[in-house]
Amino acid sequence: MTDTPKLSVCIPAYDMNGLGATYLEESFRALEIQNLTDFEVIVSDQSGNNEVFELCKAWCKRLTLHHYWNCNGKRQASANVNYALGKASGEVHKVLFQDDFILSKTVLQDIVDAFERD
C-alpha cells in the first residue's frame with residue numbers, strides 16, 4: 001500500500017446495546033477478503049465501553065485499521081460520520097455503517113473503478 005491509500009472505509013461506531021463489536025467484526029471479516037488491498041479502515045468510536053476498541057486492537061495486524069475515540073463532541077450519527085471522514089486519507093471515501101453487510105469480495109474495487117471512469 002502507498003502512503004495515500006486508494007480508498008478509505010469510514011466506519012462510525014458505537015456500542016449498539018452490546019451488538020456494536022459483533023456487527024463490526026462481520027464487517028472486518030468481509031473487508032479482509034476484498035480483492036482490493038490498497039485501503040484503510042477508519043473507525044470513529046462513540047462507544048461507552050471498550051468493546052469496539054478491543055476489537056480494533058485485535059484486528060490491527062490484519063487490516064490497515066485506525067481507531068479514534070470520538071466521545072467529546074455531539075453523540076449523533078452525522079457527527080460520527082463526519083469525524084471518520086475527517087480522519088480519512090484515501091483518494092476515495094466510503095462510509096460503512098457498522099451493521100451494514102458487504103456481500104461481494106469486489107465491492108471496494110468496484111467503487112474505486114466507478115470513480116476512475118471518465
Side-chain angles (χ1 to χ4, degrees):
M1 191 168 88
T2 63
D3 289 340
T4 302
K6 199 54 112 164
L7 184 126
S8 294
V9 177
C10 300
I11 305 175
Y14 65 105
D15 48 43
M16 293 182 75
N17 297 317
L19 295 174
T22 301
Y23 286 132
L24 188 58
E25 186 161 28
E26 289 300 315
S27 293
F28 288 171
R29 289 185 192 286
L31 291 169
E32 182 180 40
I33 62 171
Q34 289 294 301
N35 67 334
L36 178 76
T37 58
D38 189 11
F39 70 93
E40 67 178 352
V41 178
I42 305 294
V43 176
S44 174
D45 187 359
Q46 289 189 331
S47 297
N49 60 43
N50 286 338
E51 290 177 10
V52 168
F53 171 71
E54 292 298 329
L55 179 68
C56 289
K57 275 187 7 182
W59 274 83
C60 70
K61 291 186 177 150
R62 295 164 74 177
L63 295 169
T64 303
L65 193 150
H66 309 282
H67 174 273
Y68 297 97
W69 285 108
N70 181 20
C71 296
N72 294 330
K74 290 184 180 180
R75 295 191 104 178
Q76 59 190 35
S78 59
N80 209 14
V81 168
N82 290 337
Y83 191 84
L85 289 168
K87 296 295 186 180
S89 62
E91 295 174 28
V92 176
H93 299 166
K94 163 67 177 128
V95 175
L96 178 71
F97 293 98
Q98 73 193 73
D99 60 349
D100 287 350
F101 292 105
I102 299 171
L103 301 176
S104 165
K105 294 178 182 180
T106 64
V107 70
L108 298 185
Q109 185 65 58
D110 295 341
I111 292 167
V112 168
D113 291 347
F115 275 90
E116 290 181 343
R117 280 189 211 118
D118 289 339

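Fair warning: this is a prediction, and the values are worked out from it, not measured in the lab. Any value given below was found using the heavy atoms of this structure, including those in side chains, with hydrogens, waters and symmetry copies removed.
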K.L.:
Report the residues that fulfil salt bridge (charged side-chain N to carboxylate O under 4.0 Å, His left out) with K105, sequence neighbours left out, ordered by chain and then residue number.
P.N.:
none
K.L.:
Who passes side-chain hydrogen bond (donor to acceptor under 3.5 Å, both in side chains) against E25, sequence neighbours left out?
P.N.:
R29, W59
K.L.:
State, with a plain yes or no, whether a side-chain heavy atom of L65 is found less than 4.5 Å away from one of F28.
P.N.:
yes
K.L.:
To the nearest 0.5 Å, how far apart are NZ in K6 and CZ in F115?
P.N.:
12.0 Å
K.L.:
Given 3.5 Å as the limit, does a donor-acceptor pair link the side chain of Q46 with the main chain of P12, or not?
P.N.:
no
K.L.:
Tell me whether the count of non-hydrogen atoms from other residues, nucleotides or ligands lying under 6.0 Å of OH in Y14 goes above 12.
P.N.:
no
K.L.:
Nearest 0.5 Å, what's the OG-CD distance between S47 and E54?
P.N.:
11.5 Å
K.L.:
Using every non-hydrogen atom in the two residues, find where A79 and N70 come nearest and quote the distance to one decimal.
P.N.:
O-ND2, 4.0 Å
K.L.:
Has the side chain of S104 got a donor or acceptor atom that lies under 3.5 Å from a matching backbone atom of T106?
P.N.:
yes
K.L.:
Please give me the minimum heavy-atom distance between V52 and A13, naming the atom from each residue.
P.N.:
CG1-CB, 4.1 Å
K.L.:
Cluster question for you: counting only ILVMFWY and a side-chain heavy-atom cut-off of under 4.5 Å, with indirect links fine, are V95 and V92 together?
P.N.:
no
K.L.:
Do S44 and K87 come within less than 4.5 Å of each other through their side chains, counting heavy atoms only?
P.N.:
no
K.L.:
Can you find a heavy atom in the side chain of E51 that is under 4.5 Å from one in the side chain of D15?
P.N.:
no
K.L.:
Quick one: are L19 and D99 in side-chain contact, heavy atoms under 4.5 Å?
P.N.:
no
K.L.:
With side chains defined as the heavy atoms from C-beta onward, is the minimum distance between F53 and W69 less than 4.5 Å?
P.N.:
yes
K.L.:
Linking I/L/V/M/F/W/Y whenever any side-chain heavy atoms sit under 4.5 Å apart, do L24 and Y68 land together?
P.N.:
no
K.L.:
Do K57 and H67 have side chains that approach each other closer than 4.5 Å (heavy atoms only, starting at C-beta)?
P.N.:
no
K.L.:
Within the distance-only criterion (no hydrogens, no angle test), does the side chain of E40 pair as donor or acceptor with the backbone N or O of P5 below 3.5 angstrom?
P.N.:
no
K.L.:
Counting N and O atoms only, with roles assigned by atom type, does the side chain of Q34 sit under 3.5 Å from a partner on the main chain of A30, one being a donor and the other an acceptor?
P.N.:
yes
K.L.:
Are L85 and Y83 linked, directly or through intermediate hydrophobic residues, by side-chain heavy-atom contacts shorter than 4.5 Å (ILVMFWY only)?
P.N.:
no
K.L.:
Which value, rounded to the nearest 0.5 Å, describes the distance between L96 atom CG and L31 atom CG?
P.N.:
6.5 Å
K.L.:
Provide the closest heavy-atom pair for C10 versus A88 in the form atom of the first, atom of the second, distance.
P.N.:
SG-CB, 3.7 Å
K.L.:
Can you tell me how far the SG atom of C56 sits from the CD1 atom of I42, to the nearest 0.5 Å?
P.N.:
10.5 Å
K.L.:
May I ask whether L63 and V43 are part of the same hydrophobic cluster, defined by side-chain heavy atoms of I, L, V, M, F, W, Y residues being less than 4.5 angstrom apart, directly or through others?
P.N.:
yes
K.L.:
Transitively linked via ILVMFWY side-chain contacts under 4.5 Å: L7 with V107?
P.N.:
yes
K.L.:
Measure the SG-CG distance between C71 and N80 for me, rounded to the nearest 0.5 Å.
P.N.:
8.5 Å
K.L.:
What pair of heavy atoms forms the shortest contact from T4 to S89, and how long is it?
P.N.:
CG2-O, 3.3 Å
K.L.:
Would you check if F39 and V112 make a side-chain contact, meaning some heavy-atom pair closer than 4.5 Å?
P.N.:
no
